[in-house]
S.K.: 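Here you go, one structure.
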Amino acid sequence: MSVLPRIEEFTTDLTAIRHDLHAHPEIGFEEKRTSGIVAGKLEEWGVEVHRGIGGTGVVGVLRGNHEGTGRIGLRADMDALPMDEFTNLPYRSTIPGRFHGCGHDGHTTMLLGAARYLAETRDFAGTAIFIFQPAEEGLGGARAMLSDKLFERFPCDEIYGLHNTPDLEPGQVAIFPGKAMAGASFFDIAITGSGSHGAMPHMSRDPIIVATALSQALQSIVSRNVNPLQSAVLSITQIHSGSAYNVVPEKASLAGTIRFFDDVVGNLMRTRLEKVAAGIAESFEVQIDVNIRDIFSVLENHETETAAFAEAAREIVGTENVLTDPAPVMGSEDFADMLQVVPGAYCWVGHAGTVPLHNPAFVLDDGILPVGASLLARIVEKRLRA
């Protein structure tokens, strides 16, 4: 592995930044402290700073020492998850119900590391754009920045991003062209029946019975409506109802997500969900209201930029550690929306650990910080070669 020597020298500083961000997590569109730290560091290093892009987003602009018109964008997400942390880390979250359980504190730190290195060296021709995005975790932060005219104000010819993962070996990088991450919709379903005494359920229109029937019926969408040669997932992730042992409640609610790699499949699943719910409502003589929200687009890597990112990765982690066989994942990432506007690529960087992302016991390995920072810096140097 060949982490850039200068980045290796200030790795201790990067670790301190990440630990501070980890201890003070902020969820989507609330990243005021985080964006303040980001802006302060960029200004300290001589980077031109623009704040408030898409709410709490920050954009840094850095021009190289060599003449050139190329413009490369680098993006990191800043938000935490609305969940508690169950670790004994000395820098664990100090805010109940807030936890960097996905590694975005690491992404922010890695991009800061790349910005510091490039600000010190400036050995490139053109402009580097550092994009620190809010609200990636399902709240539409990328779309908010795009609505705020991100690329009109800060034009980019190419854009690159990355994500940590314990599913790869430390130092491995996975990247491939084409569809890499699923599109996703979130849904909420409200069931309104009529309540009764628990001893007289025949007097009710029991929403709990309806909720269980509906949750089972919805599983037929993937198994019986989607072509088995196409990948799709429908998951019920929440069921809420009731408040007493002896009361049949009036209301129940379901929530969940659908995932797909083809927009036609996504539209099919949304349509079938609404029709199945309507059929169940008529069968049980209750009211069912369905709210489906398009949250994530399908993430597609562009071929030329993917090849360039893979080559940069080989220089940092070695050819044997760069995995280019297609292995799409059902997880989603709103960097997909930026890739629909500007060509670019997204990769995964492996780190030590076995606990999965979004688990309350997840721990990000700090050893990934100089690796990711070096990878982001190197792609700028390669694509904006002097």
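Along the sequence shown, residues are numbered consecutively beginning with 1.
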S.K.: Between the side chain of Arg18 and the main-chain N/O of Thr15, is any donor-acceptor distance below 3.5 Å?
M.R.: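 Not confirmed, Arg18 side chain does not pair with Thr15 backbone.
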
S.K.: If every non-hydrogen atom of Gly103 is compared with every non-hydrogen atom of Asn164, which pair is closest and at what distance?
M.R.: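 For Gly103 versus Asn164, the nearest heavy atoms are CA-OD1, 3.5 Å.
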
S.K.: For residues His100 and Pro25, determine if any side-chain heavy atom of one lies less than 4.5 Å from a side-chain heavy atom of the other.
M.R.: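 His100 reaches Pro25 side chain to side chain.
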
S.K.: Between atom CG of Leu364 and atom NE2 of His104, what is the distance when rounded to the nearest 0.5 Å?
M.R.: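 Between Leu364 CG and His104 NE2, I get 11.0 Å after rounding to 0.5 Å.
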
S.K.: Going hydrophobic residue to hydrophobic residue with side-chain gaps under 4.5 angstrom, can you get from Leu357 over to Val363?
M.R.: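 They do not share one cluster, since no chain of ILVMFWY contacts under 4.5 Å joins Leu357 to Val363.
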
S.K.: Is Leu4 reachable from Tyr160 through a run of hydrophobic residues whose side-chain heavy atoms are each under 4.5 Å from the next?
M.R.: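 Yes, it is one cluster - the side chains of Tyr160 and Leu4 are joined through contacts under 4.5 Å.
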
S.K.: Below 4.5 Å, heavy atoms only, C-beta onward: do Phe260 and Val226 meet side chain to side chain?
M.R.: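 Side-chain contact under 4.5 Å: no.
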
S.K.: Between Arg378 and Glu315, is there a salt bridge with N-O shorter than 4.0 Å?
M.R.: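 Looking at Glu315 and Arg378, the cut-off is met.
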
S.K.: Going through the checks in order, is the side-chain contact (heavy atoms from CB on, under 4.5 Å) test met by Ile17 and Asp105?
M.R.: CA-CA 9 Å; Ile17 291 171; Asp105 51 340; over 6 Å; no

S.K.: As an exercise, state the distance from CG of Leu81 to CZ of Phe99, rounded to the nearest 0.5 Å.
M.R.: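 Leu81 CG to Phe99 CZ: 8.0 Å, rounded to 0.5 Å.
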
S.K.: Using side chain to side chain donor-acceptor pair (under 3.5 Å) as the criterion, list what pairs up with Asp289, not counting sequence neighbours.
M.R.: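 Partners of Asp289 by the side chain to side chain donor-acceptor pair (under 3.5 Å) criterion, ordered by chain and then number, come out as Gln287.
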
S.K.: Does the side chain of Phe362 reach to within under 4.5 Å of the side chain of Met83, using non-hydrogen atoms?
M.R.: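 With C-beta onward as the side chain, the pair stays apart.
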
S.K.: Nearest 0.5 Å, what's the SG-CG distance between Cys347 and Leu375?
M.R.: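 So the gap between those two atoms works out to 5.0 Å.
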
S.K.: Side-chain contact, heavy-atom cut-off 4.5 Å: Arg293 with Asp188?
M.R.: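 A side-chain contact exists here, since the closest heavy-atom pair is under 4.5 Å.
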
S.K.: If we ignore hydrogens and angles and just use 3.5 Å, is the side chain of Thr87 paired with the main-chain N or O of Ala361 as donor and acceptor?
M.R.: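 No, the answer is negative, given that no donor and acceptor are paired below the 3.5 Å cut-off.
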
S.K.: Under a 3.5 Å distance rule, please check whether Thr212 uses its side chain to pair with a backbone N or O of Ile208 as donor and acceptor.
M.R.: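 Side chain of Thr212 to backbone of Ile208: a pair is present.
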
S.K.: State, yes or no, whether a side-chain contact exists between Val322 and Val317 at a heavy-atom distance under 4.5 Å.
M.R.: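 SC-SC contact between Val322 and Val317 confirmed.
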
S.K.: Do Arg143 and Asp294 have side chains that approach each other closer than 4.5 Å (heavy atoms only, starting at C-beta)?
M.R.: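 Arg143 vs Asp294: side chains touch.
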
S.K.: Rounded to the nearest 0.5 Å, what separation is found between the CD1 atom of Ile239 and the OG1 atom of Thr237?
M.R.: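 It is 9.5 Å, given to the nearest 0.5 Å.
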
S.K.: Would you give the length of the straight line joining atom CZ of Arg71 to atom CG of Asp157, rounded to the nearest 0.5 angstrom?
M.R.: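 Going from CZ on Arg71 over to CG on Asp157, the span is 4.5 Å.
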
S.K.: Please evaluate residues Thr56 and Asp79 with respect to the criterion side-chain contact (heavy atoms from CB on, under 4.5 Å), reporting the C-alpha separation (whole Å), side-chain torsions for both, the decisive distance (0.1 Å), and the verdict.
M.R.: CA-CA 10 Å; Thr56 46; Asp79 57 324; over 6 Å; no

S.K.: Within a radius of less than 6.0 Å around CD of Gln340, do more than 12 heavy atoms belonging to other residues, nucleotides or ligands occur?
M.R.: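 Yes, because the 6.0 Å sphere around CD of Gln340 holds more than 12 heavy atoms from other groups.
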
S.K.: Is a side-chain donor or acceptor of Glu85 paired with a backbone partner of Ser93 at a separation under 3.5 angstrom?
M.R.: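 Answer holds: yes.
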
S.K.: Would you confirm whether Arg224, through its side chain, and Ile221, through its main-chain N or O, come within 3.5 Å as a donor-acceptor pair?
M.R.: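 Side chain of Arg224 to backbone of Ile221, a donor-acceptor pair under 3.5 Å: no, none is there.
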
S.K.: Can you name the closest pair of heavy atoms from Asp84 and Gly97 and give their distance?
M.R.: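 Where Asp84 meets Gly97 most closely, the heavy atoms are OD1-N, 2.6 Å.
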
S.K.: Less than 4.5 Å apart, any side-chain heavy atom of Glu250 and any of Pro207?
M.R.: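 No, every pair of side-chain atoms sits at 4.5 Å or beyond.
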
S.K.: For Asp337 and Ser297, work out which heavy atoms get closest and say how close.
M.R.: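 Smallest interatomic distance, heavy atoms only, reads OD1-OG, 2.7 Å.
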
S.K.: State whether the side chain of Ser332 and the backbone N or O of Ala182 hold a donor-acceptor pair below 3.5 Å, judged by distance alone.
M.R.: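 Here the side-chain-to-backbone pair exists.
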
S.K.: Ignoring hydrogens and geometry, is there a side-chain-to-backbone donor-acceptor pair from Asp20 to Ala16 under 3.5 Å?
M.R.: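 No.
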
S.K.: Should the heavy atoms of other residues, nucleotides or ligands under 6.0 Å from CD of Glu67 be counted, would the total exceed 12?
M.R.: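 No, not enclosed.
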
S.K.: Do other residues, nucleotides or ligands put more than 12 heavy atoms under 6.0 Å from Glu282 CD?
M.R.: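 No, not enclosed.
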
S.K.: The test is salt bridge (Lys or Arg N to Asp or Glu O under 4.0 Å); show your working for Asp13 and Arg116 and say whether it passes.
M.R.: CA-CA 11 Å; Asp13 295 340; Arg116 176 176 173 178; 3.0 Å; yes

S.K.: Is Ile295 reachable from Ile236 through a run of I, L, V, M, F, W or Y residues, each pair having side-chain heavy atoms under 4.5 Å apart?
M.R.: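 No, Ile236 and Ile295 fall in different hydrophobic clusters.
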
S.K.: In terms of hydrophobic clustering (I, L, V, M, F, W, Y; side-chain heavy atoms under 4.5 Å; direct or indirect links), are Met269 and Val290 co-clustered?
M.R.: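 Yes; Val290 is reachable from Met269 via cluster members.
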
S.K.: Can you list the steps and then say if Val3 with Val371 is a side-chain contact (heavy atoms from CB on, under 4.5 Å)?
M.R.: CA-CA 6 Å; Val3 169; Val371 178; 4.1 Å; yes

S.K.: For a quick test of reading the model, state the closest non-hydrogen atom pair linking Ala211 to Ala252 and the distance between them.
M.R.: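 Heavy atoms only, the tightest pair is CB-CB, 4.3 Å.
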
S.K.: Checking side-chain polar atoms at under 3.5 Å, does Glu26 have a donor or acceptor matched by the opposite partner on His24?
M.R.: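 The criterion, which ignores hydrogens and geometry beyond distance, is not satisfied for His24 and Glu26.
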
S.K.: Side chains of Met330 and Phe261: does their closest heavy-atom pair fall under 4.5 Å?
M.R.: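 Yes, at least one pair of side-chain atoms sits under 4.5 Å.
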
S.K.: Ring centres under 6.0 Å, that's the criterion: do His19 and His22 meet it?
M.R.: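 No, the ring centres sit 6.0 Å or more apart.
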
S.K.: Step by step, would you call Ser196 with His202 a side-chain contact (heavy atoms from CB on, under 4.5 Å)?
M.R.: CA-CA 8 Å; Ser196 74; His202 62 289; over 6 Å; no

S.K.: With ILVMFWY side chains joined below 4.5 Å, transitively, what does Leu150's cluster contain besides itself?
M.R.: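 Leu150 clusters with Ile53, Val59, Val61, Ile129, Ile131, Met145, Leu146, Phe151, Phe154, Ile159, Leu168, Phe176, Met181, Leu299, Leu323, Val329, Phe335, Met338, Leu339, Val341, Val342, Tyr346, Trp348.
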
S.K.: Mind listing the closest non-hydrogen atom pair of Met78 and Val38 along with its distance?
M.R.: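 Nearest heavy atoms, Met78 then Val38: SD-CG2, 4.2 Å.
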
S.K.: Roughly how far apart are Phe187 CZ and Leu218 CG, rounded to 0.5 Å?
M.R.: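 Phe187 CZ to Leu218 CG: 6.0 Å, rounded to 0.5 Å.
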
S.K.: Does Ile27 share a hydrophobic cluster with Phe29, counting links as ILVMFWY side-chain heavy atoms below 4.5 Å and allowing steps through other members?
M.R.: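 Different clusters.
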
S.K.: Kindly indicate, with the supporting measurements, whether the criterion side-chain hydrogen bond (donor to acceptor under 3.5 Å, both in side chains) is fulfilled by Arg270 and Ser185.
M.R.: CA-CA 8 Å; Arg270 285 186 285 264; Ser185 294; 2.7 Å; yes

S.K.: Examine distances only and state if a side-chain atom of Glu9 and a backbone atom of Ile7 form a donor-acceptor pair shorter than 3.5 Å.
M.R.: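 A pair under 3.5 Å: no.
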
S.K.: Around Asn291, counting heavy atoms of other residues, nucleotides and ligands shown, do more than 12 lie under 6.0 Å from its CG?
M.R.: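 It does: Asn291 CG has more than 12 such atoms within range.
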
S.K.: Can you pull the ring pair (Phe, Tyr, Trp, His ring centres under 6.0 Å) pairs that have at least one residue in residues 272-300, sequence neighbours excluded?
M.R.: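 Qualifying pairs, neighbours excluded: none.
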
S.K.: Testing the basics here: between Pro370 and Asp366, what is the closest heavy-atom pair and its distance to 0.1 Å?
M.R.: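 In terms of heavy atoms, the two residues are closest at CD-O, 3.8 Å.
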
S.K.: Does one side chain, of Asp123 or His66, offer a donor that lies under 3.5 Å from an acceptor on the other?
M.R.: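 Their side chains do contain a donor-acceptor pair, which is all the 3.5 Å distance test asks for.
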
